[in-house]
Trainee: 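Pasting a structure here, questions to come.
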Amino acid sequence: MASGVASFLLATALFLVHSHANLAGLAPEGQTAPGFSYSGNNGPDKWGSLSPIYAPCSKGKWQSPIDIDKDKVVLNKTLKPLVSNYYPTNATLVDRGYNVGVLFGNAGVLIVDGKNYTLLQMHWHIPSEHKINGVSYALSLSLSLSLSLVFLGETQNRILSKDYQYPEIRRRDMARYAAELHLVHKASDGGFSVVAVLYKLGHPDPIVAKVQRKLSELEEEVRARHEVVAQVAVGTFETQKLKRHPHKYYRYGGSLTTPPCSESVIWHVLAKVRSISREQVEALDAPLESTCKRNCRPVQPLNGRRVELFDELA
């Protein structure tokens, strides 16, 4: 009996690793995807040299994330509202080392330009990857004007407050939102469509709240087992509650924001900024590897791309 349970757990772990590699397009069949991080020798500026399959990270021209300049976006009245058909499914909370996410079973689809994109997973970045007008709600500024910010050198800043201490807040982070959620969908032809939700600090986010208790279990699993991929079963997840009916969103063609940085993504960045609590930010950050605590890729050049605006009220 014990050997059977062990075999099941091993098979589950291998399935998750294999599923994640296929999900993100990390490596062609038969190839192993090399590790990457967000600092040091495997940081974002080195991704393109880590493996030939990561070449788009340095040589691509349609890379993500980007800084969305509101004055330069183009209103496109032919764009349609985002339509999704999600339904309850089994879910697994996963720590990949470089981000925390939720893998779904048969969760439904997002319909973009008449094409179905199946919802595969969602994951978070802290702080945000996309910017809007180069300005955002920093991890501290939305808490209270009474907080004292003390800058300690050029590379590291710390918030000195009895109420809130968040490690390694850097000056460049002050131009980013507190967090960003990616809802990742994939079509049968291999193309991706990602819905991005930006967050400022404030009230708890109901989406994170659904898995917050499990996040503590995930952190304990990471510390106890030291696995490359740690996972905790969530059970049935009401994915239909992920539905968004945005009045405004920004759309552009880009890439995955992690290696191999494949340029096969239609991005929909929601204009409405939502709120997330500092406790939730800390819970999402806790299981990550030390080199991935700031898991946001720097913004990339537009290289002539056009960012379109859907505005239901325009």
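All values below were derived from every heavy atom in this structure, side-chain atoms included, with hydrogens, water molecules and symmetry-related copies excluded.
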Trainee: Does any non-hydrogen side-chain atom of Val194 lie less than 4.5 Å from one of His268?
Mentor: no
Trainee: Is there side-chain contact between Arg294 and Ser39, with at least one heavy-atom pair below 4.5 Å?
Mentor: no
Trainee: Is the distance from the ring center of Phe192 to that of His182 below 6.0 Å?
Mentor: no
Trainee: Hey, does the side chain of Asn99 reach the backbone of His123 with a donor-acceptor pair shorter than 3.5 angstrom?
Mentor: no
Trainee: Are Leu75 and Ile132 connected in a single hydrophobic cluster, I mean Ile/Leu/Val/Met/Phe/Trp/Tyr linked by side-chain heavy atoms less than 4.5 Å apart?
Mentor: yes
Trainee: Hey, any chance Trp267 and Val299 share a hydrophobic cluster, counting ILVMFWY side chains that come within less than 4.5 Å of each other, even indirectly?
Mentor: no
Trainee: Taking the side chain as every heavy atom from C-beta outward, state whether Leu242 and Ile207 have any atom pair closer than 4.5 Å.
Mentor: yes
Trainee: With the side chain counted from C-beta on, respond yes when Val73 and Tyr250 share a heavy-atom pair under 4.5 Å apart, and no when they do not.
Mentor: yes
Trainee: Are Arg278 and Glu282 ion-paired here, with the side-chain N under 4.0 Å from a carboxylate O?
Mentor: no
Trainee: For Phe36 and Tyr98, take the angle between the two ring planes, folded into 0 to 90°, and tell me which bin it lands in: parallel under 30, tilted 30 to 60, perpendicular over 60.
Mentor: tilted
Trainee: Say whether Leu288 and Trp124 are linked into one hydrophobic cluster, either directly or through other cluster members, by side-chain heavy-atom distances under 4.5 angstrom.
Mentor: yes
Trainee: Kindly indicate, with the supporting measurements, whether the criterion side-chain contact (heavy atoms from CB on, under 4.5 Å) is fulfilled by Thr257 and Val265.
Mentor: CA-CA 10 Å; Thr257 64; Val265 182; over 6 Å; no
Trainee: Please list all pairs meeting disulfide (SG to SG under 2.5 Å) that have one or both residues in residues 74-121, counting only residues at least two apart or in different chains.
Mentor: none
Trainee: Search all heavy atoms of Ala91 against all heavy atoms of Phe237 and return the closest pair with its distance.
Mentor: CB-CB, 3.7 Å
Trainee: When rounded to the nearest 0.5 angstrom, what distance separates OG in Ser275 from CG in Leu198?
Mentor: 12.5 Å
Trainee: Find out whether Leu82 and Leu270 are in side-chain contact, i.e. whether some heavy atom of one side chain is under 4.5 Å from a heavy atom of the other.
Mentor: yes
Trainee: Would you say that Lys248 contacts Leu309 through its side chain, given a criterion of any heavy-atom pair below 4.5 Å between the two side chains?
Mentor: yes
Trainee: Sub-3.5 Å donor-acceptor pair from the side chain of Gln280 to the main-chain atoms of Asp205, do we have one?
Mentor: yes
Trainee: Would you call Asp285-Lys293 a salt bridge at under 4.0 Å N-O?
Mentor: yes
Trainee: Does His185 reach the main-chain N or O of Thr118 with its side chain, forming a donor-acceptor pair under 3.5 Å?
Mentor: no
Trainee: Indicate the atoms forming the closest heavy-atom contact of Ile126 with Ala179, along with that distance.
Mentor: CG1-CB, 4.2 Å
Trainee: Report yes or no: do Leu119 and Val208 belong to one cluster of Ile/Leu/Val/Met/Phe/Trp/Tyr joined by side chain heavy-atom distances under 4.5 Å?
Mentor: yes
Trainee: Quick check for you: to the nearest 0.5 Å, what is the distance between Lys214 atom NZ and Glu221 atom CD?
Mentor: 11.0 Å
Trainee: Apply the test side-chain contact (heavy atoms from CB on, under 4.5 Å) to residues His130 and Tyr177: give CA-CA distance (whole Å), side-chain angles for both, the deciding distance (0.1 Å), then the verdict.
Mentor: CA-CA 8 Å; His130 286 88; Tyr177 291 87; over 6 Å; no
Trainee: Between Arg306 and Glu308, does the side-chain contact (heavy atoms from CB on, under 4.5 Å) criterion hold? Intermediate values first, please.
Mentor: CA-CA 6 Å; Arg306 185 172 76 168; Glu308 298 180 327; 2.6 Å; yes
Trainee: Which atoms form the tightest heavy-atom contact between Gly97 and Cys292, and what is the distance?
Mentor: O-CB, 3.6 Å
Trainee: Do you know which two heavy atoms are closest between Pro287 and Val222, and how far apart they sit?
Mentor: O-CG1, 3.9 Å
Trainee: Are Tyr252 and Ser64 close enough, and set up right, to give a side-chain hydrogen bond (donor to acceptor under 3.5 Å, both in side chains), and what steps lead you there?
Mentor: CA-CA 10 Å; Tyr252 75 98; Ser64 299; 2.9 Å; yes
Trainee: Could you state whether Leu79 and Tyr117 fall into the same hydrophobic cluster, counting links through intermediate Ile, Leu, Val, Met, Phe, Trp or Tyr residues with side-chain heavy atoms under 4.5 angstrom apart?
Mentor: yes
Trainee: Rounded to the nearest 0.5 Å, what's the gap from OG1 on Thr239 to OH on Tyr87? Could you check?
Mentor: 8.5 Å
Trainee: Determine whether Asn76 and Phe310 make a side-chain contact, defined as any pair of heavy atoms from C-beta on separated by less than 4.5 Å.
Mentor: no
Trainee: Please confirm whether the backbone N or O of Gly191 pairs with a side-chain atom of Ser264, one donor and one acceptor, at under 3.5 Å?
Mentor: no
Trainee: Between His125 and Tyr38, how do the two ring planes meet: parallel, tilted or perpendicular, split at 30° and 60°?
Mentor: perpendicular
Trainee: Nearest 0.5 Å, please: how far is OG in Ser37 from CG in Asn295?
Mentor: 11.0 Å
Trainee: Return the minimal non-hydrogen interatomic distance between Ser49 and Lys46, and the atom names on each side.
Mentor: OG-O, 2.8 Å
Trainee: Which atom pairs, donor and acceptor, lie under 3.5 Å between side-chain atoms of residues 102-115 and protein residues at least two apart or in another chain?
Mentor:
from, atom 1, to, atom 2, distance (Å)
Asp113, OD1, Arg251, NH1, 3.4
Asp113, OD2, Arg251, NH2, 2.6
Lys115, NZ, Asp189, OD2, 2.7

Trainee: Any pair with a residue in residues 240-280 that passes disulfide (SG to SG under 2.5 Å), sequence neighbours left out, goes on the list, sorted by first then second residue, please.
Mentor: Cys57-Cys261
Trainee: Dump the intermediate steps for side-chain contact (heavy atoms from CB on, under 4.5 Å) on Val281 and Leu201, then the final yes or no.
Mentor: CA-CA 9 Å; Val281 169; Leu201 280 185; 3.9 Å; yes
Trainee: Counting heavy atoms not belonging to Asp45, are there more than 12 under 6.0 Å from its CG?
Mentor: yes
Trainee: With distance as the sole test, does Arg176 use its side chain to make a donor-acceptor pair with the main-chain N or O of Ser128 at under 3.5 Å?
Mentor: yes
Trainee: Please determine, by modelled atom types, if Ser58 and Trp47 share a side-chain donor-acceptor pair under 3.5 angstrom.
Mentor: no
Trainee: For a 4.5 angstrom cut-off between non-hydrogen side-chain atoms, does Val184 reach Met122?
Mentor: no
Trainee: Answer with yes or no whether the side chains of Gln231 and Thr92 bring together a donor and an acceptor at under 3.5 Å.
Mentor: no
Trainee: Using side-chain hydrogen bond (donor to acceptor under 3.5 Å, both in side chains) as the criterion, point out the one residue from Arg305, Gln300, Glu263 that pairs with Gln63.
Mentor: Glu263
Trainee: Roughly how far, to the nearest 0.5 Å, is the CD1 atom of Ile66 from the CG atom of Leu302?
Mentor: 5.0 Å
Trainee: Taking atom CG of Asp67 and atom CG of Asn133, what is their separation to the nearest 0.5 Å?
Mentor: 7.0 Å
